[in-house]
Visitor: 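Below: one structure in structure tokens.
Model, not experiment: these values are computed from the prediction. In what follows, chains are A, B, ... by sequence order, proteins preceding strands, each numbered from 1.
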There are 2 protein chains.
Amino acid sequence: METPKNPFPIDFRIREGLSRIAMALRVDEWKKAKDVGLNPTQLAILALLEGRKDGLNVKEIAAHLGVSQPTATDSIAALEKKQRLEKRAEQGDRRAVRVYLTPMGLAALQPDTGDSLAEQAVGSLDKLEQQQLLLTLIKMIRHLQESDAIPVQRMCVTCRYFAPFAHPDAGQPHHCHFVNAAFGQRELRVDCRDHEEADPTSRAATWEAFQAG
Amino acid sequence: METPKNPFPIDFRIREGLSRIAMALRVDEWKKAKDVGLNPTQLAILALLEGRKDGLNVKEIAAHLGVSQPTATDSIAALEKKQRLEKRAEQGDRRAVRVYLTPMGLAALQPDTGDSLAEQAVGSLDKLEQQQLLLTLIKMIRHLQESDAIPVQRMCVTCRYFAPFAHPDAGQPHHCHFVNAAFGQRELRVDCRDHEEADPTSRAATWEAFQAG
DNA sequence: CAATAAATATAGGATTCCTATGTTTATTGC
DNA sequence: GCAATAAACATAGGAATCCTATATTTATTG
């Protein structure tokens with residue numbers, strides 16, 4: 001090992017850093033949520049549901065949020081009371097429930113004020129650093145996904161429409177078969193509502209090609 | 001501008017990524033906190049207090065956590081009841097209160113199990129990426145500090161003991177005058193309990209030298 | 001010395017969040 | 001086919017977070 005007995009290894013300090021930034025961003029989230037009469041957790045659930053034609057069930061929402069199932073039930077009930085989402089019976093499993101955004105729920109997601117701390121903090125980085133940060137976050141998220149620590153996110157790198165380095169153009173090397181257009185590293189999505197999960201084999205191959213490029 | 005009218009600018013997507021990772025890390029935090037009979041917020045307050053000989057007052061704790069002052073009062077009261085911290089009168093201001101860790105509070109901070117999701121996620125990055133990520137996070141945090149969005153953190157780059165690029169050795173270019181030792185980019189601290197805040201002018205000069213190096 | 005400001009505390013209320021457990025419906029194994 | 005087990009969700013109970021608004025006490029200012 002490189003630094004034996006270091007009481008503060010780099011993963012520990014990176015976690016500290018992430019934690020500080022997360023605390024700061026909570027302020028943004030409250031502001032944004034309060035504007036539509038919600039709180040950050042509720043708004044996060046609505047964002048999760050946006051674009052999911054098949055909705056999500058309670059367990060999935062809990063997993064995405066990293067909370068227990070009863071906690072998810074609580075927040076879903078609060079949102080249902082506010083008519084921001086609705087529950088429908090799952091086809092073929094009468095124990096289960098599927099949760100969908102209502103038009104009112106979708107409306108809560110519309111306003112995007114800008115002028116946030118996130119924007120400010122990311123804006124203080126140069127373009128290359130921004131791109132590297134995005135890639136690094138994607139890498140970390142993907143790793144957590146593949147080790148089943150978190151559910152699959154709607155990222156390009158797990159999407160069946162994503163073709164990494166399909167073009168010789170270094171500026172826009174990637175291709176999205178959904179919108180049928182080329183795009184660059186800086187444009188990679190973290191939560192795309194057009195995402196369709198590729199099968200594991202295909203995902204692995206895509207990631208391979210993405211890393212190699 | 002480079003990508004006009006892009007509905008998902010890179011700062012937005014980076015924030016999404018940070019948010020996903022933060023959700024995942026909450027699970028770690030609960031596990032760690034539960035082991036000592038606390039919750040993540042309470043443990044965060046104790047961590048904040050560690051090594052602060054002058055303690056912190058309620059307002060400062062609220063600012064660090066990104067919550068309102070009454071919320072900080074709540075959590076402080078919960079910790080006080082559990083004898084993890086104590087409040088003492090502020091010298092010279094009888095309105096104010098200073099909060100200090102008790103020996104029991106310090107004990108709660110000791111156990112460090114390892115094997116966390118953070119460790120796993122950061123471990124999936126190569127060394128260079130880890131270092132870049134740490135530097136990028138430090139840069140973002142510093143920017144939020146300097147624009148008064150968050151309180152000054154106990155990072156090397158704002159510490160009066162920190163001498164950036166004081167040594168020709170590319171592996172360990174920095175020097176800490178507190179422990180009187182050289183150290184490398186990978187060893188930069190995010191929350192050092194020996195931190196002493198440098199004055200703004202000096203901080204700016206240090207940052208300048210750090211960036212130039 | 002009155003007016004204003006600052007640091008906390010209190011009040012009130014919605015919600016989050018946990019664990020433990022109950023209810024209903026699926027699935028499995030014999 | 002049917003009991004045993006498992007899975008999905010709801011409920012119960014309780015501690016704590018978290019907000020806004022307001023009160024209290026003490027500092028500071030004009």
Visitor: How about Lys59(A): does its NZ atom have over 12 heavy atoms from other parts shown lying under 6.0 Å from it?
Guide: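 No, not enclosed.
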Visitor: Using whole Å, what does the distance between atom C1' of nucleotide dT8(C) and atom NZ of Lys59(B) come to?
Guide: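 My rounded result for the distance is 11 Å.
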Visitor: When you measure from the side-chain N and O atoms of Lys82(A) to the phosphate of dT15(C), is any distance below 4.0 Å, counting only OP1 and OP2?
Guide: yes
Visitor: With a 3.5 Å cut-off and just heavy-atom distances, do the side chain of Arg95(A) and the base of dA26(C) make a donor-acceptor pair?
Guide: no
Visitor: Would you indicate whether Glu196(B), at its atom CD, is surrounded by more than 12 heavy atoms from other residues, nucleotides or ligands within a distance under 6.0 Å?
Guide: yes
Visitor: How many Å lie between CG on Leu56(A) and P on dA8(D), as a whole number?
Guide: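 Those two atoms, CG and P, are 14 Å apart.
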Visitor: Searching all strands shown, indicate the nucleotide that pairs with dA7(C) (Watson-Crick or G-U wobble; both distances under 3.5 Å).
Guide: dT24(D)
Visitor: So, is Asn39(B) near the phosphate of dT17(D), with a side-chain N or O under 4.0 Å from OP1 or OP2?
Guide: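 Checking Asn39(B) against dT17(D): at least one side-chain N or O falls below 4.0 Å of OP1 or OP2.
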Visitor: Once you round it to whole Å, what is the distance between C1' of dC19(D) and NZ of Lys31(A)?
Guide: 16 Å
Visitor: Rounded to the Å, how far apart are Glu29(A) CD and dC18(D) P?
Guide: 12 Å
Visitor: Of all the choices, dA9(C), dT25(C), dT26(D), which nucleotide is nearest to the side chain of Val97(B) once you look at every atom?
Guide: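 Nucleotide nearest to Val97(B)'s side chain: dA9(C).
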Visitor: Does Lys81(B) place a side-chain N or O at less than 4.0 Å from the phosphate oxygens OP1/OP2 of dA16(D)?
Guide: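 Indeed, a polar side-chain atom of Lys81(B) lies that close.
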Visitor: Find the distance Arg88(A):CZ to dA8(D):C1' and express it as a whole number of Å.
Guide: 19 Å
Visitor: Given atom CG of Asn57(B) and atom P of dA9(C), what is their separation to the nearest angstrom?
Guide: 10 Å
Visitor: Output a table of nitrogen or oxygen pairs between the protein and nucleotides 17-23 of chain C separated by less than 3.5 Å.
Guide:
residue: dC17(C); atom: N4; partner: Asp74(A); partner atom: OD2; Å: 3.0
residue: dC18(C); atom: OP1; partner: Ser68(A); partner atom: N; Å: 3.4
residue: dC18(C); atom: OP2; partner: Ser68(A); partner atom: N; Å: 2.7
residue: dC18(C); atom: OP2; partner: Ser68(A); partner atom: OG; Å: 2.5
residue: dC18(C); atom: OP2; partner: Thr71(A); partner atom: OG1; Å: 2.6
residue: dT19(C); atom: OP1; partner: Lys34(B); partner atom: NZ; Å: 3.2

Visitor: Counting heavy atoms from C-beta on, name the nucleotide in dA26(C), dA10(D), dA27(D) closest to the side chain of Thr73(A).
Guide: dA10(D)
Visitor: Just N and O in the side chain of Lys87(A): are any of them under 4.0 Å from OP1 or OP2 of dA10(D)?
Guide: yes
Visitor: Could you state the atom-to-atom distance from CD1 of Ile76(A) to P of dT11(D) in whole Å?
Guide: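 Result: 13 Å.
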Visitor: For a quick test of reading the model, state the closest non-hydrogen atom pair linking Cys156(A) to Phe162(A) and the distance between them.
Guide: O-CB, 3.1 Å
Visitor: Please tell me if the side chains of Gln153(A) and Thr158(A) come closer than 4.5 Å, counting only heavy atoms from C-beta onward.
Guide: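 Answer no - side chains too far apart.
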Visitor: Separation of Ile61(B) atom CD1 from dT8(C) atom C1', in whole Å?
Guide: 12 Å
Visitor: So what does Glu90(A) hit on the nucleic acid, given a heavy-atom distance under 4.0 Å: a base, only sugar-phosphate, or nothing?
Guide: nothing
Visitor: When you measure from the side chain of Arg15(B) to the backbone N and O of Glu119(A), does any donor-acceptor pair fall under 3.5 Å?
Guide: no
Visitor: Where do Val122(B) and Gln130(B) come nearest, in terms of heavy atoms and distance?
Guide: O-NE2, 2.9 Å
Visitor: Heavy atoms only: give me the nearest Ser75(B)-Ile45(B) pair and the separation to one decimal.
Guide: CB-CD1, 3.5 Å
